[in-house]
Enquirer: 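Handing you this structure, nothing more for now.
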Amino acid sequence: MTEHATTIFGEMSRLAVEVGAINLGQGFPDTDGPDVLKNAANAAIRDGRGNQYPPVHGMPQLRRAIAEHLQRSYGLAVDPDTEVVVGTGASEVIQSALLALVDEGDEVVVLEPWFDIYAAGISLARGRRVGVRLVGPDLRPDLGALRAAVTDRTRLILLNSPHNPSGIVLTPAELAEIARIAIEADVLVLADEAYEHLWFDDHRHVPISTLPGMWERTVTVGSGGKTFSFTGWKVGWASGPADLIAAVRVVRQHLSYVSGGPFQLAMADGLALPDAYFDDFRADLAGKRDLLSAGLAELGLGVLRTQGTYFVTTDVRPLGYPDGLAFCRELPGRAGVVAIPVQVFCDDPSIGAPYVRWAFCKRPEVLREALGRLGQGLAEQ
Ligand SMILES: *Cc1c(COP(=O)(O)O)cnc(C)c1O
């Protein structure tokens with residue numbers, strides 16, 4: 001199926017390498033996370049901790065750290081033995097949950113545009129995806145459409161907040177309405193919270209699992225790669241009620257079996273870092289968001305205000321382009337910069353057509369260089 005064939009990131013990253021472009025396409029930081037985590041991983045390797053197959057559902061130190069972190073951050077009481085599973089990145093945990101919970105023909109309601117792996121995961125599970133579009137100039141979810149999309153064929157609602165690619169964070173009122181819909185229809189929620197710590201200003205992230213009646217129907221996914229700026233380490237996890245986590249565990253153990261032991265131990269140390277780490281991390285990224293957003297606005301793009309994630313979304317119509325795909329295909333040659341057209345995250349290309357996604361999780365000098373190149377490239381008609 002076309003969903004599994006290729007990804008836009010491959011195409012754009014290849015283009016970036018070919019012309020030596022600055023890659024603001026793929027969302028990975030160009031600086032590493034905290035040294036304490038590197039030292040912890042190094043020490044674990046040196047001392048022979050985690051160098052052989054770790055326990056299948058995650059090392060107990062990490063499962064305990066995840067539970068303690070959920071308690072500290074959100075007041076959730078989670079049993080590390082039965083209500084947590086560790087995997088090879090949030091990606092594997094999401095795909096395992098879809099394979100475990102979605103049967104052939106089941107519908108999965110998902111905010112559109114969506115993170116690209118969802119389409120592949122739903123299709124691998126032989127489910128049917130039902131998109132609910134983000135609407136209006138601020139790209140908020142159409143909750144009336146969401147209510148209408150949830151039927152007796154719906155198995156689960158796949159939520160993502162902070163949301164990639166749009167950069168929105170769902171508000172408490174939006175979450176409450178989504179929870180009402182899920183409870184009334186008795187459907188599950190798969191909450192991809194890979195960016196749980198990357199929210200800005202007063203757009204504090206609230207896990208939907210903390211709302212009344214939601215813990216028992218929600219699988220919540222976290223990403224150590226995103227939370228600690230080590231996207232190459234590929235450690236992710238899910239938490240939720242024991243019956244749902246047991247189902248995810250059954251599938252996940254047959255995929256990668258385990259994720260790297262020393263990295264799991266380092267992530268456990270990361271989750272125990274004081275609040276100051278998470279505050280500084282947010283502040284640093286907020287500064288980068290402001291730098292790139294202001295520069296793109298100055299170039300004449302319509303810039304949406306990012307509330308969370310690594311990404312800023314822009315509307316290219318003010319520059320005279322009808323379409324983000326055409327804009328992004330031209331951009332490496334014209335300006336030496338790569339960005340991602342939002343329509344590749346949609347079934348209905350008209351939803352994302354005018355929008356382009358830019359990653360700001362890069363060093364300020366890289367963002368400035370990209371803006372300089374864009375200023376020149378876009379000026380030369
Ligand atoms: C990056 C990302 C993931 C995958 O996280 P990994 O831990 O790298 O597998 C999942 N969901 C969203 C929305 C992401 O942006």
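Start at 1 and go down the list; that is how both ligands and their atoms are numbered. Computed from a predicted model, the values in this text were never measured in an experiment.
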Enquirer: Tell me which protein heavy atom sits closest to atom 5 (O) of ligand 1, plus the residue, atom name and distance to 0.1 Å.
Expert: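 Its nearest protein heavy-atom neighbour is A90 CB, 3.4 Å.
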
Enquirer: Counting only heavy atoms not in E216, do more than 12 sit closer than 6.0 Å to its CD atom?
Expert: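 Above 12, so yes.
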
Enquirer: Which of the numbered atoms in ligand 1 are under 4.0 angstrom from any heavy atom belonging to S223?
Expert: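 This gives 5 (O), 6 (P), 7 (O) as the contact atoms.
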
Enquirer: Determine the interplanar angle of the Y277 and F281 rings, folded into 0 to 90°, and report it as parallel if under 30°, tilted if 30 to 60°, perpendicular if over 60°.
Expert: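 Rings of Y277 and F281: parallel, as their planes differ by under 30°.
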
Enquirer: Could you establish whether Y310 and ligand 1 come within less than 4.0 Å of each other, counting only heavy atoms on the residue side?
Expert: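 No; Y310 lies far enough from ligand 1 that no heavy-atom distance drops under 4.0 Å.
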
Enquirer: Which residue owns the protein heavy atom closest to atom 13 (C) of ligand 1, what's the atom, and how far is it?
Expert: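 Its nearest protein heavy-atom neighbour is D192 OD2, 3.3 Å.
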
Enquirer: Examine the proximity of ligand 1 to K234 and report which part, side chain or backbone, both or neither, has a heavy atom under 4.0 Å away.
Expert: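 It is the side chain that touches ligand 1; the backbone stays farther off.
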
Enquirer: Looking at R252 and V86, would you say the former's side chain and the latter's main chain have a donor-acceptor pair under 3.5 Å?
Expert: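 Pair found, side chain donor or acceptor close to backbone of V86.
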
Enquirer: Look at the side chain of T218 and the backbone N and O of T220, then say whether any donor-acceptor pair between them is shorter than 3.5 Å.
Expert: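 It does not hold such a pair.
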
Enquirer: Among all protein non-hydrogen atoms, which one is nearest to atom 14 (C) of ligand 1, and what is the separation to 0.1 Å?
Expert: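 Nearest protein contact, heavy atoms only, for atom 14 (C) of ligand 1 is K226 NZ, 3.1 Å.
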
Enquirer: Return yes if some donor-acceptor pair links the side-chain N/O of R249 with the main-chain N/O of V84 below 3.5 Å, else return no.
Expert: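 Judged by distance alone, yes, a pair lies under 3.5 Å.
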
Enquirer: Please verify whether a non-hydrogen atom of T231 lies at under 4.0 Å from ligand 1.
Expert: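 Not so, T231 does not reach ligand 1.
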
Enquirer: Please could you name the atoms of ligand 1 that N160 approaches to less than 4.0 Å, counting only its heavy atoms?
Expert: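 Selected atoms, number and element: 13 (C).
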
Enquirer: Evaluate Y195 for polar contact with ligand 1, using N/O atom pairs at a separation under 3.5 Å.
Expert: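 Such a contact does occur with ligand 1.
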
Enquirer: If I apply the N/O under 3.5 Å rule, does I94 come out as touching ligand 1?
Expert: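 For ligand 1, there is no N or O atom that lies under 3.5 Å from one belonging to I94.
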
Enquirer: Which residue and atom name correspond to the protein heavy atom nearest atom 4 (C) of ligand 1, and how close is it?
Expert: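 Result for atom 4 (C) of ligand 1: S91 OG, 3.3 Å.
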
Enquirer: Does R128 CZ have over 12 foreign heavy atoms under 6.0 Å away?
Expert: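 At most 12 heavy atoms, drawn from other residues, nucleotides or ligands, come within 6.0 Å of this atom.
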
Enquirer: Check if H163 has a non-hydrogen atom at a distance under 4.0 Å from any atom of ligand 1.
Expert: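 The answer is no, since H163 has no heavy atom less than 4.0 Å from ligand 1.
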
Enquirer: Below 30° counts as parallel, above 60° as perpendicular, anything between as tilted: where do the rings of H197 and F278 land?
Expert: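 Aromatic pair H197/F278 classed tilted.
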
Enquirer: Quick check: E92 and ligand 1, any N/O pair under 3.5 Å apart?
Expert: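 Such a contact does not occur with ligand 1.
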
Enquirer: Does NZ or CZ of R63 fall inside the cone over W237's six-membered ring, less than 6.0 Å from its centre and within 45° of the axis?
Expert: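 So R63 doesn't make the cation-pi contact.
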
Enquirer: When the ring centroid of Y310 is compared with that of F360, is the distance short of 6.0 Å?
Expert: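 No.
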
